[in-house]
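Quick note: numbers below take in every heavy atom, side chains included, and nothing from hydrogens, waters or symmetry partners. A, B, ... follow the sequence lines: proteins, then strands. Residue 1 opens every chain.
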There are 2 protein chains.
Amino acid sequence: MRARRATINDVADAAGLSRGTVSRVVNGEKYVSAEARTAVEAAIAQVGYVRNTAARNLVTQESRAIGLIIHEPHSLLFEDPNIGSILLGANEALSKADYQLVTLIIDSDRDSHRVADHLRGGLIDGAVIVSARASDPIAAAVADIGLPAAFVGHPDGTPDLPYAAIDNVEAARAITSRLLGTGRRRVGMIASALDRDSGQDRLAGFRAAMGERYDPRLVVEYPLYTYAAGFEGMQKLLRRDPSIDGVFAASDAVAAGAMTALQEAGRRVPEDVGIVGFDDSSWALRCRPQLSTVRQPAGLLGTTAAELVLAQLMGLPSSPRVLETVVMWRGSA
Amino acid sequence: MRARRATINDVADAAGLSRGTVSRVVNGEKYVSAEARTAVEAAIAQVGYVRNTAARNLVTQESRAIGLIIHEPHSLLFEDPNIGSILLGANEALSKADYQLVTLIIDSDRDSHRVADHLRGGLIDGAVIVSARASDPIAAAVADIGLPAAFVGHPDGTPDLPYAAIDNVEAARAITSRLLGTGRRRVGMIASALDRDSGQDRLAGFRAAMGERYDPRLVVEYPLYTYAAGFEGMQKLLRRDPSIDGVFAASDAVAAGAMTALQEAGRRVPEDVGIVGFDDSSWALRCRPQLSTVRQPAGLLGTTAAELVLAQLMGLPSSPRVLETVVMWRGSA
DNA sequence: GCGGTTTCTGGGAGCGTTCACAGAGCGTTC
DNA sequence: GAACGCTCTGTGAACGCTCCCAGAAACCGC
């Protein structure tokens, strides 16, 4: 059993002053004499006082903490370097504003409910929601209690909340066009994560760029943005059409898997088959040849979403923000 | 401005019952009549009541939340898949015990202090600390207030707290011996993260296995477990001694970088140079040839550390736990 | 010396809960 | 029908803090 923690009253007694004065010192307010201040500081050190945040939150009705909710299947937390960047980006913005970032991960239905309770309970002043699916109960909980929040990405069917996102359709269209510009005749796609806006939009962009040349037989689909999906998907495409000479992979991890499959099948990249990815994550520079891909500003997405939440907290209007992407052209196509 | 949230008193009024009865219903206690229960439930739905957790925490003196503190430099959060596994492992154990996992990341000195305040403030009942360095102010804060805690890994110089770890010295010794067993004559090491116990211990294990054959000129050091460190380190080793025929890389990411450097230099793996890594992370299976490495049970480390904290919370004794590692022998050596 | 302003301190009230206790109602037992 | 136990409900007190108001003390200008 831990010893009882010292309270503000213990400090007041030790300093021979009142609760109110101690509170003023702790919060750095005006109207405290120099001698009272030093007496209180000495007393704090003496009794080992640390302020009880729960009590403080109760009366101030705020927690100065923002939740970042990650709802990803197991594997993605390892494979997708974007999540880490988003996390750090958000942390940076919140840290500057002196808010604590609290990351909550959802890995089961049980988690889902507990996290919803956590949000509702007032332990958090706002939330950044990463990779929610349309059916997400968290999005509902947030809307339910009117918690200031913002999405990273923009799943449809979710409540009318601000978001920070990129234009996946346009970016996918742009890089596919570029790939076509290298003279490829049979171009396929390894699509992934069609249960999410990003997956759907990248496929739509591919389709738009292909126009007449679009051939559904050259599109394979996988549930997750993984290396394994790319590896298997490429093998399947090669079987379906050995003359394939270009591939758009839905993410860099997928592209890396596809590249390995191609090289094992004896195809040269980019001479025989050109390949492009999406994200410009750390995968891109690790491939040989290095990957041509779309740079997605993951850190900035996190920062921007955090700022959208902070704006709401300050009563400012906050509207969706679409960030720029850039095609990074390297050796793989 | 958000509308005032409904309190337990609003529910009591709406139901025509007292605070106490409402509290009993909300907490699922005995001694509530069926009709009172339904009346309260209707009233809760009517006024949209959700319990204020800060108030509850204040009186119960617990939060049912456990912090997981990650203190990593930027790059590692992306490159090191272990962190994700540890996170999910810890979440699983805590989820079962109906505790909320709250991840706090430290990315600057400013964060460091805010996180320490968060711990001290009573918002958390315990903490799992990942990859602390000896100088970590968090470790001090934890010891300071006697918060139940456990480390993943075991930095020395830290307070006398329980930990979940692997025996890095023994594991490094084992895989180096195995590498030597394939008949290699000039074996080097790309060491990393010597500011941490894992980095130091892996080097010590290598040294132990090499015995007489240990040559400090064949050891290069890098600050972080990264792909880039492996790439550069291997190039440096090749320059120092072109006859090198074996390498122990301090992690799989490092090994992957080293393998790329070797292949670009025209060396065959494993024929010309054998290479072994550490972690058995997702990197290992992606390399061609696949990596021989030490399997580290990252998820289990997280689970175990979480259980150590839970045990302390229940007043049970909890002592350090060292988990088993296994050498995974594949194609790279 | 007096009214007015500024600086500083103390303490009551209240934040939204849970907890412990008192007491009412009812059925069972001797 | 008194004594006992069980079920159910209401209420005061407490958790540790901030906020606000009242009032004391100090300083100012005329």
(request) Answer yes or no: is there a donor N or O on one side and an acceptor on the other, between the side chain of Arg51(B) and the main chain of Gly121(A), under 3.5 Å? (result) no
(message) Pairing donors with acceptors under 3.5 angstrom, does anything connect the side chains of Asp111(B) and Ser95(A)?
(response) yes
(request) Could you identify which residues of residues 49-56 of chain B place a heavy atom less than 4.0 Å from some atom of DNA chain C, listed by residue number, or say none? (result) Tyr49(B), Val50(B), Arg51(B), Asn52(B), Ala55(B), Arg56(B)
(message) What's Asn57(A) touching, base or sugar-phosphate or nothing? Going by heavy atoms closer than 4.0 Å.
(response) nothing
(message) Measuring only between side-chain heavy atoms, which start at C-beta, is Ile8(A) closer than 4.5 Å to Ser23(A)?
(response) yes
(message) Protein within reach of the bases, or only the backbone? For nucleotides 8-13 of chain C, mark each nucleotide 5' to 3' as B, S or -, using heavy atoms under 4.0 Å.
(response) BBBBBB
(request) State whether the number of non-hydrogen atoms from other residues, nucleotides or ligands found under 6.0 Å of Glu35(B) atom CD is greater than 12. (result) no
(request) In whole angstrom, give the distance that lies between atom CG of Asn27(A) and atom P of dC19(D). (result) 7 Å
(message) What is the separation between atom CD1 on Ile8(B) and atom P on dT9(D), rounded to the nearest whole Å?
(response) 14 Å
(request) Considering non-hydrogen atoms only, spot the tightest contact between Ala150(B) and Ala305(B) and give its length. (result) CB-O, 3.7 Å
(message) Measuring to OP1 and OP2 of dA14(D), would you say a side-chain N or O of Gln61(B) lies under 4.0 angstrom away?
(response) no
(message) Distance check needed: dT17(C) P versus Glu62(B) CD, whole Å only.
(response) 17 Å
(request) Measure the spacing between CG of Leu68(A) and CD1 of Ile129(A) and express it to the nearest 0.5 Å. (result) 9.5 Å
(request) Take atom CG of Leu58(B) and atom P of dG14(C), then tell me their distance rounded to the nearest Å. (result) 17 Å
(request) May I have the distance from Asp10(A) (atom CG) to dC15(D) (atom P), rounded to whole angstrom? (result) 11 Å
(message) Check this one for me: any side-chain N or O of Ser23(A) less than 4.0 Å away from OP1 or OP2 of dT18(D)?
(response) yes
(message) Under 3.5 Å for both donor-acceptor distances, Watson-Crick or wobble: does dT29(C) have a partner, and if so which one?
(response) dA2(D)
(message) Please determine whether a side-chain nitrogen of the Lys or Arg among Asp125(B) and Arg64(B) lies less than 4.0 Å from a carboxylate oxygen of the Asp or Glu.
(response) no
(request) Would you give the length of the straight line joining atom CG of Leu123(B) to atom OG of Ser63(A), rounded to the nearest 0.5 angstrom? (result) 8.0 Å
(message) With a 3.5 Å distance limit and no angle check, can you tell me whether Gln46(A) reaches the backbone of Ala14(A) through a side-chain donor-acceptor pair?
(response) no
(request) Rounded off to whole Å, could you give me the CD-to-P distance for the Glu29(A) and dT7(C) pair? (result) 14 Å
(request) Report the distance from atom CZ of Arg64(A) to atom C1' of dT18(D), rounded to the nearest whole Å. (result) 15 Å
